[in-house]
Amino acid sequence: MNKATRRRWGPIRSLLCLAPLFVVAPFYAYKTHYALPVPIVGLYDPATSLPQISEARILAHAKYLSEDIGYRTVGTREHALGDAWMLKQAEALRTECEAVVRAHPSERKLQCEVWHQQGSGSHRFDMMGKRLYKTYVNLTNIIVRVSDGTNEGKEHAVLVNSHVDSTLPSPGAADDGLAVGVMLECIRVLVNTPEWQPKHAIVFLFNNAEESLQDGSHLFSTQHPVAKTIRAVINLEAAGTTGPELLFQATSEQMIKAYATVPRPYGSVIANEIFSSGIIMSDTDFRQFQLYLNMAVVGNSYLYHMRKDLVENIEPGVAQHMADNTLALLRHLTSSESPLAQLASTGYSAPRTVFFDYLGFFLVYSFRTAKLIYSISFILALLVARLTYVDPAPALKKGGRFVLEHLRGAFAVAAAFIGAALGANVVALLMDKVLGKTLSWFKSPFACIFLYGPAALSGGLASQLLLGRAREHTVFASTMLLQGFLAICIQLVGVGAGGTLFLSSAPMILSLLLNSLLAAPGDDISLWSYALGQISPLVVGTTLSCAVLDVFVPLTGRIGEDAPAEYIIANIVAINGAYIAPLTVPFVHRFSRRILARTVVLLSLVTGVAMAVFYSRSPFDTMHQKRLFVLHMENITSQEQHLHIAAADAAPGFHSLAVDIANEFSVPGVTLTSVVMDDWNTDWDTMYPFSAFLTPYKFDLPLRAEHQEAIEHDFTVTTINDKVDAVAGTRSFTLVINHPGIIWTAVAFDAHVLTWTLDNSPPDEYARHHIKEGSFYGYNTWSVDMVIKLQPEADENKLKVNFMGIHEKAMWPAKRAEKALGGRAMKLFEEFDGWLERETGGTVDALLLGCVGGVADV
């Protein structure tokens with residue numbers, strides 16, 4: 001279109017012109033983000049006869065673990081069955097490996113070794129600001145080392161880790177049966193690939209106690225002789241069942257570069273910085289190692305640690321994606337290009353690397369390069385802004401107008417961002433405090449966009465009404481300059497996430513140059529310039545939104561009632577929205593103040609309608625369930641029996657549900673009262689410190705026949721080797737916990753511990769101590785040696801110890817097949833579970849544990 005005949009279009013026509021871009025770009029980003037490979041069934045490629053990763057085989061392994069064996073909670077019989085099955089698989093692969101070597105003695109330099117490690121130990125496990133000690137007895141790991149059989153080949157190794165056990169409420173198909181299957185398939189393919197000759201060894205660690213707070217990886221890293229050869233670690237995890245495997249933590253620059261060689265890399269420096277910061281509580285075996293890549297499936301994490309973590313709910317292609325990437329990474333790390341030898345000699349470099357997906361490419365560059373690129377981009381942006389600037393009042397000939405105008409433009413952009421956040425948070429406040437409808441968006445990760453998106457946009461535009469009119473061209477250039485400047489500043493403080501702002505601002509430079517060709521000086525910004533400037537933010541922003549909402553929305557269902565879930569999600573929507581559509585601010589200054597005011601009113605009405613719609617929505621459904629925690633507690637000391645229930649979210653309705661449960665299962669006329677959850681509430685100590693997230697209630701059980709029977713458990717806490725040194729003012733003893741048939745035992749006490757066998761640095765003060773245990777099936781005793789300082793006010797120098805644990809046969813639904821052995825707790829749980837299903841329509845997933853506890857003065 002000729003510059004002289006160019007006409008300004010109105011807002012509707014302009015938006016219709018840009019609409020295809022706002023549909024196609026996010027759709028492309030969405031499809032690319034969630035793209036998965038086609039699952040492979042056959043074990044061998046029919047065209048080449050070479051072995052290939054088979055998703056069908058991986059899922060078969062995961063299904064056997066999660067459904068044929070079942071809930072593999074540490075200390076249970078099923079946990080022992082999982083250990084035996086895993087050892088059998090490892091031995092079978094060693095036999096297969098030896099057969100390959102015998103068939104090709106001169107061609108294959110290959111050795112497969114298997115260890116069945118068993119050991120005891122202890123470690124400190126601080127989490128959520130709480131100090132916790134773990135002790136374990138005779139736990140196991142299965143280790144497979146694949147090498148060329150030489151000492152040189154075994155000197156440097158990469159470790160691949162997954163865990164065979166599952167957590168209390170879950171059969172663990174994805175977490176972590178999927179990764180176990182991936183590792184078994186990688187061994188099979190590598191061993192049977194004729195041309196593969198490993199320069200460095202691979203150690204496959206099938207650790208059998210991750211969910212008990214990383215006892216298995218601690219056992220390996222501190223006690224196995226092979227551990228000293230490990231130069232890098234790849235941890236395979238799952239917190240969901242759909243979407244691509246995500247690289248979400250990396251502690252080594254060399255390993256990030258190695259990951260870039262895989263066929264389908266997916267990860268970003270933003271995810272790495274978020275997870276490494278501790279904002280999200282994600283504690284895997286990561287903490288037991290240093291040179292690390294943490295890779296996990298995170299989509300649909302609604303099923304994380306839930307009953308429905310089953311193979312049928314794992315999306316086709318998920319296993320193939322993780323396995324293909326893992327296999328490629330192992331090939332690279334065992335090749336001549338591997339960084340393992342360098343890592344051994346020079347150590348690892350903490351990651352100062354920017355990495356992310358962009359338009360189908362996985363970009364990796366150093367912080368130094370980032371500073372250089374972002375600086376050059378900002379200088380170019382300044383030059384283009386100055387060259388395309390037209391003074392609105394040249395006759396006044398006032399110096400500095402360029403700077404003042406762009407400062408005003410930057411202020412408009414910043415005000416829009418603040419306004420968007422305020423608009424979203426006002427709606428969050430109304431939904432939370434006024435309407436009492438928190439988490440109404442919970443059952444879809446993208447539903448929150450429709451609630452908070454209009455509010456954020458309305459708030460952002462309303463801020464422009466307060467500021468008055470600004471020149472469209474100036475605000476466009478100011479957006480570019482502000483984002484470019486922030487990219488440099490963020491990078492200078494060592495945060496790689498500034499790269500996203502660079503990806504948004506850099507194309508705007510080209511947009512302004514294009515505009516100088518399409519529009520007359522001082523004229524409006526061409527719609528073509530808007531289109532070019534918006535492509536990158538739309539694609540990158542949509543990808544980021546998918547990744548962030550996939551993690552944070554389901555997370556709000558397990559971070560506790562007091563967490564500001566509504567405001568977290570509102571701010572995520574506002575921030576992502578501001579990034580996705582940065583040119584909205586200059587675009588609205590294209591039109592009159594009257595049009596802007598009408599737009600704000602319209603968006604406010606849309607916000608009101610959205611609030612009304614979400615007010616009527618239930619947060620949960622059968623595939624996006626509420627988590628309910630239920631304990632049947634038998635107190636050995638008082639002979640009392642109580643039912644404890646708790647939730648871990650802020651959704652409305654829990655109190656009403658608790659009342660209904662009390663009316664159905666407690667004594668008549670019970671008054672429901674909440675219980676304070678703190679370090680001295682020992683009823684939930686088997687879940688400490690996660691118990692801090694819970695909102696608990698406690699009530700008496702009715703006087704049924706089974707509850708009239710005496711509580712009989714040989715669960716004891718005693719001391720031996722007990723000595724008091726009156727002169728030194730100390731007492732030394734061995735605390736012995738005997739717990740036949742009881743697992744996941746926990747003790748808590750108040751004391752000034754001077755020394756003990758758990759670690760070398762107990763707090764030098766009178767304090768609360770928590771110790772949790774995990775032991776292999778059939779091992780029923782553990783102990784701690786300690787010396788404590790006598791307290792003047794103590795009664796006969798005795799120590800009050802709160803203790804509790806889980807009846808191994810009283811976990812529903814894990815022990816459904818053995819319910820007759822679970823006593824009164826399992827009778828109640830079967831009735832409770834059926835009632836809950838009927839009353840809630842399957843929208844609640846309950847973890848039901850039969851617990852035993854008491855108090856001992858020792």
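Positions are given from 1, in the same order as the sequence printed here. Given the structure is predicted, the values throughout are model-derived calculations rather than measurements.
- Taking a cutoff of 4.0 Å between a charged side-chain nitrogen and a carboxylate oxygen, R77 and E808 do not qualify as a salt bridge.
- Between L343 and S252 the shortest side-chain heavy-atom distance falls below 4.5 Å.
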side-chain contact (heavy atoms from CB on, under 4.5 Å) evaluation trace for R558 with H305: CA-CA 10 Å; R558 55 182 189 270; H305 288 182; over 6 Å; no

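- For the atom pair NE2 (H79) and CG (L139), the distance works out to 6.0 Å, reported to the nearest 0.5 Å.
- In this structure, L333 CG and H156 NE2 are separated by 13.0 Å, a value rounded to the nearest 0.5 Å.
- Residues T745 and W782 bring a donor and an acceptor atom of their side chains to less than 3.5 Å of each other.
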Candidate pair H644 and F629, rule ring-ring contact (aromatic ring centres under 6.0 Å, His included), full reasoning: CA-CA 8 Å; H644 300 257; F629 304 85; over 10 Å; no

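- Here K800 does not pair with D857 in a salt bridge; the nearest charged N to carboxylate O distance is not below 4.0 Å.
- A donor-acceptor pair shorter than 3.5 Å can be found between the side chains of D175 and H163.
- Without hydrogens or angle criteria, K134 side chain to S212 main chain gives a donor-acceptor distance under 3.5 Å.
- At least one donor-acceptor pair closer than 3.5 Å links the side chain of S170 to the backbone N or O of G172.
- In this structure, T686 and L168 have side chains that are not in contact, with every pair of non-hydrogen atoms separated by 4.5 Å or more.
- Between M826 and K809, the closest side-chain pair of non-hydrogen atoms is not below 4.5 Å.
- Annotation: side chain of F733 is in contact with side chain of I788 (closest heavy-atom distance under 4.5 Å).
- Between the side chain of E237 and the backbone N or O of A296 there is no donor-acceptor pair closer than 3.5 Å.
- Taking the six-membered ring wherever Trp is involved, the centroid distance between the rings of W85 and H61 falls below 6.0 Å.
- Under a 3.5 Å cut-off, the side chain of R627 and the backbone N or O of A648 do not form any donor-acceptor pair.
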Residue pair K815, E78: steps toward the side-chain contact (heavy atoms from CB on, under 4.5 Å) verdict: CA-CA 10 Å; K815 293 290 184 174; E78 291 78 10; 2.7 Å; yes

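- Using the six-membered ring where Trp is involved, H218 and H123 have ring planes that are parallel, under 30° apart on the 30 and 60° scheme.
- For the residue pair T140 / N208, a side-chain donor-acceptor distance below 3.5 Å is found, with atom types taken as modelled.
- If you take OG on S775 and CG on N138, they are separated by 7.5 Å, rounding to the nearest 0.5 Å.
- A 4.5 Å side-chain heavy-atom check between L828 and L643 finds at least one atom pair inside the cut-off.
- No side-chain heavy atom of W812 sits less than 4.5 Å from a side-chain heavy atom of V630.
- If you check the side chains of D700 and H642, you find a donor sitting under 3.5 Å from an acceptor.
- Within the 4.5 Å cutoff, no side-chain heavy atoms of Y292 are placed close to those of Q249.
- In terms of modelled atom types and a separation under 3.5 Å, the side chain of S217 and the main chain of Q214 share a donor-acceptor contact.
- The shortest side-chain heavy-atom distance between L849 and W744 does not fall under the 4.5 Å cut-off.
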Residues M804, M633; criterion side-chain contact (heavy atoms from CB on, under 4.5 Å); working and verdict: CA-CA 9 Å; M804 74 170 299; M633 174 61 73; 3.2 Å; yes

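- Applying the 6.0 Å contact sphere to CG of N760 captures no more than 12 heavy atoms from other residues, nucleotides or ligands.
- The aromatic rings of H770 and Y688 lie parallel to each other, their planes meeting at an angle below 30°, with 60° marking the opposite boundary.
- Not one N or O on the side chain of T757 forms a donor-acceptor pair closer than 3.5 Å with the backbone of V784.
- None of R131, K130, R768 except one satisfies the salt bridge (Lys or Arg N to Asp or Glu O under 4.0 Å) rule with D679; the exception is K130.
- Within the 3.5 Å criterion, the main-chain N or O of V855 finds a donor-acceptor partner in the side chain of T637.
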Trace of the side-chain contact (heavy atoms from CB on, under 4.5 Å) decision for V180 with M86: CA-CA 9 Å; V180 169; M86 190 66 254; 3.7 Å; yes

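- The distance from atom CD1 of I143 to atom NE2 of H224, rounded to the nearest 0.5 Å, is 3.5 Å.
- Remark: the N141 side chain and the H116 side chain contain no N/O donor-acceptor pair separated by less than 3.5 Å.
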